[in-house]
Amino acid sequence: MQFHDDVIDIIKQIPEGMVVTYGQIAAMAGNPRGALQVAGVLHSSSDKHGLPWHRVVNRLGEISLPRGSGYELQKSLLEAEGVEFNRNGRIDMRLFQWSPK
DNA sequence: GCCATGGCTAGTA
DNA sequence: GCCATGGCTAGTA
């Protein structure tokens, strides 16, 4: 599937220390309303393709995974790359959101 | 609201 | 086919 493959390509390009949004990826892959599908791809194909899945967050700059089920891991992976979280557990997207050239 | 996916029944043949 | 189910979100209030 084209969408699926595009999503994977895009995610692979996210540089270390940067993040992108589900919707952003969906739009880049040609389906502005496919945010949920992007989440699906992440959920199912992250391991197989060795994707930097932790660099994908929701539009508010927060981690979407539930506490105790991925949240902590994702947060620590991002912090290890220099991404900072404020007291609300959010990332300042003006500083860390990546967009391709 | 949106939309692709996956699981699980109808309902033909 | 139908229907529930997501690692979601634009656009009101």
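No hydrogens, no waters, no symmetry mates; every other heavy atom, side chains included, goes into these values. First the proteins, then the strands, lettered A, B, ... as listed; each starts at 1. Everything numeric in this text was worked out from a predicted model, so none of it was measured.
- Between the P atom of dA4(B) and the CG atom of Asp6(A) lies a distance of 15 Å, rounded to the nearest Å.
- Checked against His54(A) for a side-chain hydrogen bond (donor to acceptor under 3.5 Å, both in side chains), the options Gln74(A), Glu81(A), Lys75(A) give a single hit: Glu81(A).
- Computed from coordinates, the Leu36(A) CG to dG6(C) P distance equals 10 Å when rounded to whole Å.
- Using modelled atom types and a 3.5 Å distance limit, the side chains of Gln37(A) and His4(A) yield no donor-acceptor pair.
- Residue contacts shown for Gly23(A) are limited to sugar-phosphate atoms, with no base heavy atom under 4.0 Å away.
- Distance Met93(A) CE to dT9(C) C1': 13 Å, rounded to the nearest Å.
- Regarding Gln24(A), its CD atom lies at a distance of 15 Å from the P atom of dC8(C), rounded to whole Å.
- Across all strands shown, dC2(C) forms a Watson-Crick or G-U wobble pair with dG7(B), both key distances being under 3.5 Å.
- The 5' end of DNA chain C is approached more closely, in terms of each residue's nearest nucleotide, by Ala39(A) than by the other of Ala39(A) and Pro32(A).
- Atoms CD (Gln37(A)) and C1' (dC2(B)) sit 8 Å apart, rounded to a whole Å.
- Residue contacts shown for Thr21(A) are limited to sugar-phosphate atoms, with no base heavy atom under 4.0 Å away.
- Between the P atom of dA10(C) and the OH atom of Tyr22(A) lies a distance of 14 Å, rounded to the nearest Å.
- Once rounded to the nearest 0.5 Å, the distance linking CD of Glu62(A) with CZ of Phe85(A) reads 10.0 Å.
- Among the protein residues, Arg59(A) comes within range of the nucleic acid bases, having at least one heavy atom under 4.0 Å from a base atom.
- Clustering ILVMFWY residues whenever any of their side-chain heavy atoms sit less than 4.5 angstrom apart, transitively, puts Leu77(A) in the very cluster that holds Met18(A).
- One can place CD1 of Ile91(A) at 14 Å from C1' of dG7(C), the figure rounded to the nearest angstrom.
- Remark: C1' of dG7(C) and NZ of Lys75(A) are 17 Å apart, rounded to the nearest angstrom.
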